[in-house]
Protein chains: 2
Amino acid sequence: MAKRQPGAFDTWELDAPQLQDRSAELWDHSYGPVARRLLTSATRCYASKGFQATTTRDISGGAGLSPAAMYVHFPSKEAILFEIARTAHVKALDDMRSPAQDDLVERIWHIVYRHVAWNARYHVAARVAQYELANLTPENYASIREIRRETNRVYRSIVADGVEDGVFVPIDIKRVVRGIIALAVDPVRWYRHSGTDSPEDLGEFYAGLALAMLTSTPPVPASRTEPSDPTQAGEPAR
Amino acid sequence: MAKRQPGAFDTWELDAPQLQDRSAELWDHSYGPVARRLLTSATRCYASKGFQATTTRDISGGAGLSPAAMYVHFPSKEAILFEIARTAHVKALDDMRSPAQDDLVERIWHIVYRHVAWNARYHVAARVAQYELANLTPENYASIREIRRETNRVYRSIVADGVEDGVFVPIDIKRVVRGIIALAVDPVRWYRHSGTDSPEDLGEFYAGLALAMLTSTPPVPASRTEPSDPTQAGEPAR
DNA sequence: GTCTATACGGCGATAGAC
DNA sequence: GTCTATCGCCGTATAGAC
């Protein structure tokens, strides 16, 4: 079987996730080395196979341990997921809000730039943090949700200021911010370190897109529009 | 417990997925009524709990059958997932490319508009189609991938024409298209029919964002930029 | 703190009557 | 084509020795 091409246009596979994966850098050092190895192994497993398809044997085996040893460090599979998601959300938020220029164009540019670059650099952990939330307990989900809410607030306050100042065009703030975040998060789905884009390249590109959305009033097509018909006939060939 | 709020800003929960869910309209009528009920039930289960967490008992029970009866209609749980993903991808593609105006601004506007509206209207099935692909066999995944590739081509050819004509600004075509599609797909994650936005409202909004990205050269911040430092010290409070 | 061994439950899928 | 019953397997998590 041929290896996946770098820069594949669209993919869900994550083979050989260990390649150039930087998740090992992320974990709090209040965890000992064995616990951190477990977190790294779990991150790779969850990212490539999903939480439910990952077994405790996968996780412990990836850290060079027996399944039973895992329970000395974490009370459950879900607790490991929570710690991964919590760490990724906190670190990404922390990273993206560090610089605080005055100019609103600079501020939004930098936030998108750093958010995207972080998501690309740590795409394995970030993917778990974005796509496995449904597997958390309600309490743990609520906790992550608070961090996500804060991320939203960071974006919204800048956009709101820009709209008020007239630096940005008048626009529905919640909706654009949701759009900008959707762009910033998308790389976790397909980014690979083996491709040609560096995390920073990508951050610059998406920051430009975000600014385009905030600073231009797009042309409105004249014909708008007979609503699309969901009951249309044409069945595809089977 | 309180019900989820309409228009929740960001969510992965999908409670009571049966509410106003329109997936039942989607299935090919070469399937009999029982098979279609199974597809609808499976769509709701996969969307709310994920493929791996869904049991054959969930699916069959939701269609009013015993687990064994399912196997008369489909050979496996995975075959049902494939049929859902295939149908959603084909119908969405089919819907979005039906109108064919000459004007390139109109064309991209309509494609995004219809793509977004479709994803919102059928968000339950579309969510399964977007988020459960990792659970397909390699062969079935490859088949879906072809449809996704075609979707990409549809977008790319319009954008390429527009850039060549000078209607759109010069821009990396693959990268913007990836961004536009990321925007168009994002609603499957959070859209609810109980919210205030109609699928068409949302389509108009995102079509505007896509045009903004294609028709404006955003301001470039002067200070660009000390690369973000991933090894920064500050640990979050635990 | 790590191991081996295992309890216990629930999973996907099948057998065979009707 | 649907049912009841069940097989065989493998999941998470625990017991208890070292």
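Predicted model only: the values in this text are computed from it and were never measured. The sequence lines fix the lettering, A, B, ..., with proteins before strands; numbering per chain opens at 1.
- In this structure, CG of Asn135(B) is placed 15 Å from C1' of dC11(C), rounded to the nearest angstrom.
- With sequence neighbours left out, Ala88(B) forms a side-chain contact (heavy atoms from CB on, under 4.5 Å) with Trp118(B), Ala129(B).
- The side chain to side chain donor-acceptor pair (under 3.5 Å) search around Ser143(B) returns none, not counting sequence neighbours.
- Taking the ring-ring contact (aromatic ring centres under 6.0 Å, His included) definition, one finds that Tyr155(B) meets it with His115(B), sequence neighbours left out.
- Remark: Ser41(A) pairs with no residue by the side chain to side chain donor-acceptor pair (under 3.5 Å) rule, at least two apart or across chains.
- Applying the side-chain contact (heavy atoms from CB on, under 4.5 Å) test to Ala24(A) and every residue at least two apart in sequence or in another chain returns Thr40(A).
- For Arg153(A), the salt bridge (charged side-chain N to carboxylate O under 4.0 Å, His left out) test picks out Glu150(A), with sequence neighbours left out.
- The footprint of chain A on DNA chain D, defined by a heavy-atom cutoff below 4.0 Å, extends from dG11(D) to dA15(D).
- For the salt bridge (Lys or Arg N to Asp or Glu O under 4.0 Å) condition, no pair includes a residue of residues 68-80 of chain A, sequence neighbours left out.
- Near DNA chain C, defined here as any heavy-atom distance below 4.0 Å, the residues from residues 72-82 of chain A are Val72(A), His73(A), listed numerically.
- Near DNA chain C, defined here as any heavy-atom distance below 4.0 Å, the residues from residues 59-71 of chain B are Ala68(B), Tyr71(B), listed numerically.
- Salt bridge present: Asp186(B) and Arg189(B) bring a charged side-chain N and a carboxylate O closer than 4.0 Å.
- Residues satisfying the salt bridge (charged side-chain N to carboxylate O under 4.0 Å, His left out) test with Glu139(A), not counting sequence neighbours, are none.
- Side-chain atoms of Arg57(B) and base atoms of dG10(C) include no donor and acceptor less than 3.5 Å apart.
- Under the side chain to side chain donor-acceptor pair (under 3.5 Å) criterion, Asp58(A) pairs with Lys49(A), Thr55(A), not counting sequence neighbours.
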